[in-house]
Amino acid sequence: MTDTPKPPVAAPRPHSFERHGITVDDPWAWLRAPGYPDPVEDRDVLDYIEAENAYFESVMAPLKPLSETLFREMRGRIKEDDATVPQKDGDWLYWTDFEEGGEYRRWWRKPVAGGADQLILDEPALAAGKEYFRLGALSVSPDGRLLAYATDDNGSERFTAYVKDLETGELLADTIPGTLSELVWTADSGGFLYALVNAHWRTDRIRWHKLGEPVERDVELYHESDDGYRVGVGETQSRRYLILSTGDHVTSEIRLVPADNPAADPILVAPRQTGREYDVEEHDDTLFIHTNDTHTNWRLVTAPIADPTQWTELIAPSDHFYMTSVDVFADFFVVEGREDGLDQIELHWYDGRAPRRLRFPEASYVAGVGDNPEYAIDVLRLGYESMVTPGTVYDYHIAEDRLETRKVQEIPSGYEPGNYATERLKITARDGTQVPVSIVYPAGFPKDGSGKLYLYAYGAYGHAIPPGFSTSRMSFLDRGMAFAIAHIRGGDDLGQQWYHDGKLEKRTNAFNDFVDVAKGLIDLRFTSAGQIAIAGRSAGGELMGAVVNSDPDLWGAVIADVPFVDVLNTMLDETLPLTPGEWPEWGNPIEDKAAFELIRSYSPYDNVAAQDYPPLFISGGLNDPRVTYWEPTKWAARLRATKTDDNVLLLKTNMGAGHGGKSGRWESLHEAADEMAFVLWQLGLA
């Protein structure tokens, strides 16, 4: 693996700008092709990206046998003709399955009363001949006759909505391009609500489409004028009301309209108030409002739908229990949350009976309410897994307080949980904060510092990384490696305050936590410096960029997928799709000099230094609307020109995909296999 070709060079071109009296040099700004979001046509840009892809293929060529072995291992752990547990919704049972060898799902139903299976949507047929395919929203009309669904065939996340007659199998003439939302039917099955994405990839309008009418005549139910807000549509569990929502990362505003009369004046639940978030359910004309208005761990209040301003506290906030969601059913409601970072599920009754908390056997696990489409139920569908327990579907029989196992994830190549061990650790960060770590490793893993370890984190947007099960991960474990998840600040693993403590002016806590977790695992003799592979995606890719700048000697290999690394430039460009809505997360460097200086101090692209860097595998997507392709491209170019080592650096750009990489079960596994082979190569396990 030493005789590798020379990497391509993207020559710097002088470019700078001034903001807040500070001059910023950006010599690879030219890699952002003009005309975005139009397709990239600039030949210089495309030539460089294609040269990087060719270099990637040449460097990875000797690893192809290993990559294929890993792919076969991962595929062998997936049941090819898998199917979900059927779930009742009205007169029908619904489920999905995969055909043997199939890349995409098929969607089925059959009458509850008995009858033949009916294929309602055939994803393999829709994806045939396409380089990329993704199903977005999917919704059956209340009368059961029509199916509304939306698809994306290039990764740009601009979906086209269609309507299919389930009795005839024919598509109706109703086709709506440029959607980015759920498709929510009106009560009469005569139309549906959707959100339209504008030229800047921002959902700012909610419209009502009536079947048979031209799209140009769709009724606009709501228009959001604030560029930082995004709109969405939904429905209450009772299906009596349609939900018109808008908000950003810190503020919510919700309106309700009757499902049988969307043209009625919307009911405003509570006007937007910066920093206040809430979501809404309804039961017998009473609103159940889940909100963070008085506490970062949220509370539950009720209000009459006739006067939504009259809030009465039903469940007070807790310093220890983080209330994450509330599901309302006809005879009871369910509160989900986390306590000390572990999932909890509580049942509550309207008559004031004592709530019931479900108990699970393991010390670290993931549990949550599953697919429960009906309002009046006596059995609750749940999901459960852990780092050593495969995904399990339960039906919880409420009257009997009994869990019924409906399905356990099947691993065709075999799985013996006793071959692995898991722990939940707490490692002290530099400021004294205890950071949880979930770790799994093969039985007999040496804790003498000689072990190889893969460390993963995200740490942004209040998104927790659950300690769940992964069949792909077993290819590392079976080669003697440990796998750890650092539950760093910036996620909401330990509550919303945990999220707040890793954003805005506290953003660097996320980076420090990650580094300190790695050092803590070294101190605990799980591994040693240079024997740690690290990985992050999107905002987690920003994390990768920050920690390779700050502590390059710790890492033996780095995977940075669609990394958000050109943070300063992106947050300074309000024309980009996400930027205005991202300011509550990162700060607004256009108006705030302190935010400008802070972002500039950690933005990975702006802090590349003349130092040795670990081996890097960087990916991007040419059609990615979330992290634009030029972010990883510019970062790779600057790293190549600046770093002082001879370690390999790879940049792979998916030319026909977006933020999620390639679509399909097996195509995505090929990408995972390449990354895994890279890690094993760099850690000496190839």
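Since this is a predicted model, take the numbers as computed values, not measurements.
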Starting at [atom1] of [X], measure out to [atom2] of [Y] and round the result to the nearest 0.5 Å.
| X | Y | atom1 | atom2 | value |
| --- | --- | --- | --- | --- |
| Leu554 | Ile534 | CG | CD1 | 8.5 Å |
| Ile618 | Glu631 | CD1 | CD | 12.0 Å |
| Ile345 | Ser325 | CD1 | OG | 9.0 Å |
| Arg381 | Thr84 | CZ | OG1 | 8.5 Å |
| Leu616 | Leu649 | CG | CG | 5.0 Å |
| Phe321 | Asp340 | CZ | CG | 13.0 Å |

Does the ring center of Phe56 lie less than 6.0 Å from the ring center of Phe617? yes
Can you confirm if the aromatic rings of Phe514 and Trp555 lie within a centre distance of less than 6.0 Å? yes
What verdict does the salt bridge (charged side-chain N to carboxylate O under 4.0 Å, His left out) test give for Lys506 and Asp501, after you've listed the backbone C-alpha separation in whole Å, the side-chain angles of each residue and the deciding distance to 0.1 Å? CA-CA 6 Å; Lys506 298 179 180 180; Asp501 287 342; 3.1 Å; yes
Would you say the side-chain atoms of [X] pair up with the backbone N or O of [Y], donor to acceptor, closer than 3.5 Å?
| X | Y | result |
| --- | --- | --- |
| Gln87 | Asp371 | yes |
| Asn419 | Tyr415 | no |
| Glu675 | Ala535 | no |
| Asp492 | Gly495 | no |
| Tyr365 | Asp343 | yes |
| Tyr629 | Pro625 | no |
| Glu346 | Leu358 | no |
| Ser538 | Gly540 | no |
| Glu410 | Pro412 | no |
| Ser528 | Gly449 | yes |

Heavy atoms of other groups near Arg473 CZ, more than 12 under 6.0 Å: yes
Are any of the side-chain nitrogens in [X] or [Y] under 4.0 Å away from the carboxylate oxygens of its partner?
| X | Y | result |
| --- | --- | --- |
| Glu73 | Arg77 | yes |
| Arg430 | Asp513 | no |
| Lys634 | Asp566 | yes |
| Arg507 | Glu542 | yes |
| Arg640 | Glu52 | yes |
| Asp645 | Lys643 | yes |
| Asp395 | Arg402 | no |
| Lys79 | Asp81 | yes |
| Arg106 | Asp97 | yes |
| Glu123 | Arg105 | no |
| Arg134 | Asp152 | no |

Is the [X] ring parallel, tilted or perpendicular to the [Y] ring (thresholds 30°, 60°)?
| X | Y | answer |
| --- | --- | --- |
| Phe71 | Trp666 | perpendicular |
| Tyr384 | Phe360 | parallel |
| Trp108 | Trp95 | parallel |

The ring pair (Phe, Tyr, Trp, His ring centres under 6.0 Å) partners of Phe159 (sequence neighbours excluded) come to none
Considering residues at least two apart in sequence or located in another chain, which fulfil the ring pair (Phe, Tyr, Trp, His ring centres under 6.0 Å) criterion with Phe483?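 For Phe483, the residues satisfying ring pair (Phe, Tyr, Trp, His ring centres under 6.0 Å) (neighbours in sequence not counted) are Tyr454.
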Of all the heavy-atom pairs spanning [X] and [Y], show the shortest one and how long it is.
| X | Y | value |
| --- | --- | --- |
| Lys407 | Asp82 | NZ-OD1, 2.8 Å |
| Leu494 | Gln434 | CD1-O, 4.4 Å |
| Val567 | Pro604 | CG2-CD, 4.0 Å |
| Asp478 | Tyr420 | OD1-OH, 2.6 Å |
| Ala486 | Val517 | CB-CG1, 4.0 Å |
| Val562 | Gly621 | CG1-N, 4.2 Å |

How about [X] and [Y]: do any of their side-chain heavy atoms sit closer than 4.5 Å?
| X | Y | result |
| --- | --- | --- |
| Met60 | Asp674 | yes |
| Ile49 | Leu651 | no |
| Val558 | Pro615 | no |
| Ser364 | Met387 | no |

For the residue pair [X] and [Y], confirm or rule out a side-chain donor-acceptor distance under 3.5 Å.
| X | Y | result |
| --- | --- | --- |
| Thr433 | Arg489 | yes |
| Asn53 | Glu57 | no |
| Ser619 | Asp561 | yes |
| Asn607 | Tyr602 | no |
| His487 | Ser438 | yes |
| Thr392 | Glu385 | no |

Which pairs count as side chain to side chain donor-acceptor pair (under 3.5 Å) when at least one residue sits in residues 444-453, sequence neighbours excluded?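 The answer is Glu423-Lys447, Tyr441-Lys447, Asp448-Ser450, Lys452-Gln531.
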Step by step, would you call Glu103 with Arg665 a salt bridge (charged side-chain N to carboxylate O under 4.0 Å, His left out)? CA-CA 5 Å; Glu103 290 271 13; Arg665 281 198 296 177; over 6 Å; no
Under the criterion side-chain hydrogen bond (donor to acceptor under 3.5 Å, both in side chains), I'd like the reasoning laid out for Asn654 against Glu671: C-alpha separation, chi angles, the key distance, then a yes or no. CA-CA 10 Å; Asn654 278 311; Glu671 292 194 329; 2.8 Å; yes
Residue pair Tyr461, Tyr499: steps toward the ring pair (Phe, Tyr, Trp, His ring centres under 6.0 Å) verdict: CA-CA 7 Å; Tyr461 298 109; Tyr499 162 47; 7.8 Å; no
Decide ring pair (Phe, Tyr, Trp, His ring centres under 6.0 Å) for Phe564 and Trp586; before the verdict, give the C-alpha distance in whole Å, the side-chain angles of both, and the deciding distance to 0.1 Å. CA-CA 12 Å; Phe564 177 42; Trp586 312 103; 5.3 Å; yes
